[in-house]
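Every number for a ligand or one of its atoms is a count from 1 in the order of the listing.
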Amino acid sequence: MNATIIGSQMGDEGKGGIVDVFGDGADVVVRYQGGDNAGHTVAEDGTEYALRLLPSGVVRGKTGVLGNGCVVSLETLFDEIDTLRERGLEPDVRVSSRAHVVLPYHRVLDQLSETARSETTDAVGTTGNGIGPAYEDKASRRGIRIADLLAPEVLRERLEYAVALKRRLVDEPSATGSGNAFDVDHLFETLREYGKRLEANGMIVDTGEFLTERSREGETILFESAQGTHIDVDHGTYPFVTSSNPTAGGAIVGTGVSPSVVADGHVIGVVKSYLTRVGNGPLPTEFEEDVADDFRETVGGFGTVTGRPRRIGWLDLPMVRASARVNGFTGIALNHVDALAGLEELRVCTAYELEGETLRTPPSTVEAWNRCSPQYERFETWSDRDWRAIADQGYDALPEAARTFVEFVSADLECPVFAVGVGPDREETIVLRNPFDPTDREQDDRNTGRDHPVSS
Ligand code: GDP
Ligand code: IMO
Ligand code: MG
């Protein structure tokens with residue numbers, strides 16, 4: 001039995017924390033797309049880990065795998081491994097031989113392209129980590145893959161070809177402040193060193209084979225998405241998206257397992273009780289600037305990777321309904337319920353109006369999406385309280401208004417609630433159902449329809 005955890009909005013829904021909570025039941029935790037543009041926070045008894053590349057399950061000592069769909073900055077990879085070691089952990093990490101490497105020139109090109117686009121107001125507001133350019137090279141068949149690091153002749157030949165092309169994109173590579181980013185010899189030496197380290201530690205695997213084998217041996221796999229459904233390159237607010245597929249289909253192509261492996265278990269959508277976006281693109285429920293500032297003060301809405309202020313809006317159900325459909329959510333984890341405490345009003349967007357028509361899910365272009373007016377339903381608010389104590393007591397200890405909110409969202413999405421987040425810490429997540437609980441599964445098999453939203 002496996003499970004997949006997916007961001008249902010635009011990233012930073014609290015996926016890291018939910019992977020941590022449910023990761024206890026998994027043997028292997030796999031990232032299948034993205035790279036160090038992610039920032040996943042795990043908080044365990046006040047100790048916080050912010051992981052950009054390693055799967056969040058490594059904090060619990062699970063085997064962490066980076067699938068072929070990831071783009072890997074080797075510098076970040078080894079920095080994170082070393083940092084965790086310094087903190088007393090022994091991360092067991094495997095990387096796909098087919099994963100692409102993010103090179104220093106990808107970062108330079110990411111920044112150059114953002115600067116050029118900013119003059120046309122089309123800047124995506126990327127994290128600047130070279131993610132888009134690395135995926136461009138993958139699709140254009142001039143990328144460097146992890147396996148290439150072990151084959152010096154192949155590596156040199158590929159680098160010479162790629163670097164010559166990159167140099168043509170940059171007027172004066174030496175003037176970009178990019179150091180050795182366009183120097184073949186330097187890149188070759190650095191990559192060979194990384195290759196030797198990966199090989200010496202037995203970290204390189206064929207992830208399809210590795211995961212299928214572990215699954216056949218009865219081990220459980222948790223697929224950890226980065227980013228979110230609405231910044232998916234296909235299903236998101238294109239062109240204001242990342243360059244990979246965080247959606248559930250990505251877990252198949254991004255690891256090399258068959259669809260049946262991903263289908264053998266729950267797909268849990270992580271839903272933030274409000275909405276945040278780092279970077280540009282549509283956000284119909286966005287707060288006015290002064291309201292967003294106040295909210296940010298209390299909930300700390302700054303990007304985990306870039307430190308940029310997150311844009312903030314009301315929970316947008318049309319967006320999450322589309323996510324439930326494209327990912328096939330069998331459950332949700334509703335986070336940040338505590339963060340809504342003390343608001344003067346609480347709104348949820350239940351539909352959009354576009355040119356006199358009511359839409360239940362978003363349109364497919366940003367131009368249309370930008371013209372949508374959100375239609376709201378208002379809810380009773382609740383006051384701040386001791387959330388840790390509430391988490392200890394369980395779901396029924398939540399304020400009644402909060403339960404009404406949770407159950408409304410669950411019923412609208414036709415998805416049972418697996419967890420409710422009332423704080424960042426592992427102990428501040430109320431678990432109602434566990435995707436790795438076999439008795440829960442038997443119950444699901446017996447039920448032809450869906451359970452009561454929050455039945456435990
Ligand atoms: P991810 O990228 O989806 O893993 O999310 P991030 O780690 O980037 O951002 C989520 C932030 O909210 C982190 O600082 C988490 O520790 C925090 N967080 C997660 N769940 C909750 C919750 O239920 N309540 C509160 N107040 N904070 C939460
Ligand atoms: P996690 O996994 C929030 C956003 C960037 C930008 C767009 C493209 O922590 O939820 P990129 O660097 O990927 O080319 O940037 O995507 N973005 C994220 N926003 N959370 C993330 O990851 C993000 N990863 C990328 O802000 O708008
Ligand atoms: Mg994040």
key: Option with minimal heavy-atom separation from atom 24 (N) of ligand 1, where the choices are V270, D338, T429   = D338
key: N or O pair under 3.5 Å between R308 and ligand 2   = yes
ask   = Short N/O distance, under 3.5 Å, between V241 and ligand 2?
value = no
request  = Name the option, out of G125, G7, S113, that contains the heavy atom nearest to atom 5 (C) of ligand 2.
outcome  = G125
query = Which ligand 1 atoms does G421 reach within 4.0 Å, using its non-hydrogen atoms?
reply = 23 (O)
inquiry  = With the threshold set at under 4.0 angstrom, would you say G423 reaches ligand 1 through any of its heavy atoms?
reply    = yes
key: Proximal ligand 1 atoms for R310, defined as those under 4.0 Å from one of its heavy atoms   = 8 (O), 9 (O)
remark   = Closest to atom 28 (C) of ligand 1 (heavy atoms only, candidates H336, E13, E428, E48) is H336
ask   = Under 6.0 Å from the six-membered ring centre of Y376 and within 45° of its axis: does the NZ or CZ of R347 meet both?
value = yes
note = The atoms of ligand 2 lying under 4.0 Å from a heavy atom of G279, numbered in the order shown, are 27 (O)
query = Does G39 bring an N, O or S atom to within less than 2.8 Å of the Mg ion (ligand 3)?
reply = yes
inquiry  = Using a 4.0 Å cutoff against the non-hydrogen atoms of V422, which atoms of ligand 1 qualify?
reply    = 23 (O)
ask   = In terms of side-chain geometry, is the basic nitrogen of R60 or D20 positioned less than 4.0 Å from the acidic oxygen of its partner?
value = yes
task = Output all residues satisfying side-chain hydrogen bond (donor to acceptor under 3.5 Å, both in side chains) with N434, sequence neighbours left out; order by chain, then residue number.
result = none
query = Quick one: is the NZ or CZ of R87 closer than 6.0 Å to the six-membered ring centre of Y49, and within 45° of its axis?
reply = yes
ask   = Is there at least one pair of N or O atoms, one from S243 and one from ligand 2, spaced under 3.5 Å apart?
value = no
query = How about E224 and H40: does a side-chain donor come under 3.5 Å of a side-chain acceptor?
reply = yes
task = Please could you name the atoms of ligand 1 that G16 approaches to less than 4.0 Å, counting only its heavy atoms?
result = 4 (O)
request  = Starting from the Mg ion (ligand 3), look over the N/O/S atoms of D12 and name the nearest one.
outcome  = OD1
